[in-house]
Amino acid sequence: MSVQDNPFGGGYAVQYGNGGAENVDSQGAAGFEVKDTTTAQFTADVIQESRQQPVLVDFWAPWCGPCKQLAPALEKAVRESGGRVKLVKMNIDEHPSIAGQLGIQSIPAVIAFRDGQPVDGFMGAIPESKIHEFIDKVAGADAGQATADALAAAAELRAEGDAQGATQIYAAILQQEPENLAAIGGLAEMLFDSGDADMAREVLARAPEAAADAPELAGVRAKLALAEQVAALGDAAALEQRLAADPKDHQARFDLALIHNAHDRREEAADALLAIMKADRGWNDDGARLQLLKFFEAWGMADEATLAARRKLSSLLFS
């Protein structure tokens, strides 16, 4: 599996084996959020593009004071929409025919196109809050529910073992919401599970710095940390021999627990750490229990191995 740069910028492509998700430009077919257009490009930039998502057309002129007042707020609102709409700017001094055909007699004028047709609009320099309301009206204010439904669908596909289908959904979400932590975490975890730890780290690096400790990313971060530990442990057979020679070799048992976990033998990994705790709770500054908690974080709180091991831990601690 590979993710081709740039996952959250110019494009997003995920490939699984010989198939996988199609390469999709995260800014849409024409690759833009805000751009200038011409009479010749209007059909492509507006009519065709609006069949993918709503396009706002800002008709303006260099001499128009209200146009200069509206433009920054309009562009900011469009960029903050998370890709729900795009903005095309048309200088009517240089390209007057389209505005004339649409009957625009005063500027600034903003016309929204959807499915190739003008569907709404406003004139004058309105406040930024009103621009956001207009975008919600045109694009639909239920984007949050749509994202939640998509994430639920991805989780269901993962549970069914359909990694390719779930990957495509995560990629589609990130096209519209590049900083969606649940989608970032889900895609990174799938990359890790497929054996591509380096690409998983790259996807995680795209998350906002302030969200580094977000719970949506904790599971895959824990998996990556455990993988780094396991890489330095050596051969499991040698550890087994050490334990056979000395059952009190807690370090060997601890290292073996990490290797078991790396091979998805979760019950054995947990039991090894619990055995250390039973023999010597204070070993390595309570290291066995702390490592077991890291396993729980990596496996997920609702995982069967987590629930079983947590019951055993509770019994050991409180009996």
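Excluded from the calculations below are hydrogen atoms, water molecules and symmetry mates; all remaining heavy atoms, backbone and side chain alike, are included.
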Any side-chain heavy-atom pair from [X] and [Y] closer than 4.5 angstrom?
X	Y	value
Lys35	Leu87	no
Asn91	Thr38	no
Val88	Asp58	no
Val220	Ile184	no
Glu75	Lys89	yes
Ile111	Phe113	yes
Trp63	Asp93	yes
Val85	Gln53	no

Hey, can you tell me if His250 and Trp283 have their rings parallel, tilted or perpendicular (30° and 60° cut-offs)? perpendicular
Joint hydrophobic cluster, [X] plus [Y], side-chain heavy atoms closer than 4.5 Å:
X	Y	value
Trp60	Leu56	no
Ile131	Val34	yes
Leu307	Phe318	no
Ile135	Val119	no
Leu239	Leu243	yes

Measure the spacing between [atom1] of [X] and [atom2] of [Y] and express it to the nearest 0.5 Å.
X	Y	atom1	atom2	value
Asp280	Lys248	CG	NZ	9.5 Å
Arg158	Ile169	CZ	CD1	11.0 Å
His95	Ile92	NE2	CD1	11.5 Å
Arg289	Leu292	CZ	CG	9.0 Å
Ile276	Leu256	CD1	CG	9.5 Å
Phe254	Ile259	CZ	CD1	11.5 Å

Restricting to non-hydrogen atoms, name the atom on [X] and the atom on [Y] that form the minimum distance, rounded to 0.1 Å.
X	Y	value
Ala188	Ala200	O-CB, 3.3 Å
Gly124	Leu70	O-CD2, 4.0 Å
Ala270	Trp299	CB-CH2, 4.1 Å
Leu181	Leu217	O-CD2, 3.6 Å
Ile104	Ile107	CG2-CG2, 4.2 Å
Ala166	Ala154	CB-O, 3.6 Å

Verdict with reasoning, Asp45 to Lys86, per salt bridge (Lys or Arg N to Asp or Glu O under 4.0 Å): CA-CA 10 Å; Asp45 290 344; Lys86 293 183 177 181; over 6 Å; no
Please list all pairs meeting disulfide (SG to SG under 2.5 Å) that have one or both residues in residues 42-95, counting only residues at least two apart or in different chains.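 Every pair satisfying disulfide (SG to SG under 2.5 Å) with a residue in residues 42-95: Cys64-Cys67.
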With salt bridge (Lys or Arg N to Asp or Glu O under 4.0 Å) as the test, would you mind laying out the steps for Asp255 and Arg253 before giving the verdict? CA-CA 6 Å; Asp255 292 347; Arg253 194 179 301 276; over 6 Å; no
Lys223 vs Asp193, test: salt bridge (Lys or Arg N to Asp or Glu O under 4.0 Å). Steps then yes/no. CA-CA 9 Å; Lys223 285 185 176 184; Asp193 291 345; 3.2 Å; yes
Under 3.5 Å, side chain of [X] to main-chain N/O of [Y], donor-acceptor pair present?
X	Y	answer
Thr37	Met90	no
Ser50	Val46	yes
Arg281	Asp286	no
Arg114	Val138	yes

Between Arg206 and Glu202, does at least one N-O distance fall below 4.0 Å, as a salt bridge requires? yes
Flag yes if more than 12 heavy atoms outside [X] fall under 6.0 Å of its [atom1] atom; otherwise flag no.
X	atom1	answer
Gln251	CD	yes
Asp115	CG	yes
Gln105	CD	no
Glu128	CD	yes

Take Val57 and Val110 through the test side chain to side chain contact (heavy atoms under 4.5 Å, CB included) and record every step on the way to the result. CA-CA 5 Å; Val57 184; Val110 175; over 6 Å; no
Given the rule in the side chain to side chain contact (heavy atoms under 4.5 Å, CB included) test, do Leu157 and Gln168 qualify, once you have shown the distances and angles that lead to the verdict? CA-CA 10 Å; Leu157 289 174; Gln168 291 175 331; over 6 Å; no
Could you walk me through whether Arg221 and Glu297 pass the salt bridge (Lys or Arg N to Asp or Glu O under 4.0 Å) test, one step at a time? CA-CA 9 Å; Arg221 288 195 189 281; Glu297 185 176 44; over 6 Å; no
Kindly indicate, with the supporting measurements, whether the criterion side chain to side chain contact (heavy atoms under 4.5 Å, CB included) is fulfilled by Leu187 and Thr167. CA-CA 6 Å; Leu187 181 57; Thr167 297; 3.9 Å; yes
Please assess Met190 against Ser194 for the test side chain to side chain contact (heavy atoms under 4.5 Å, CB included), listing each intermediate value before the final yes or no. CA-CA 6 Å; Met190 296 185 69; Ser194 75; over 6 Å; no
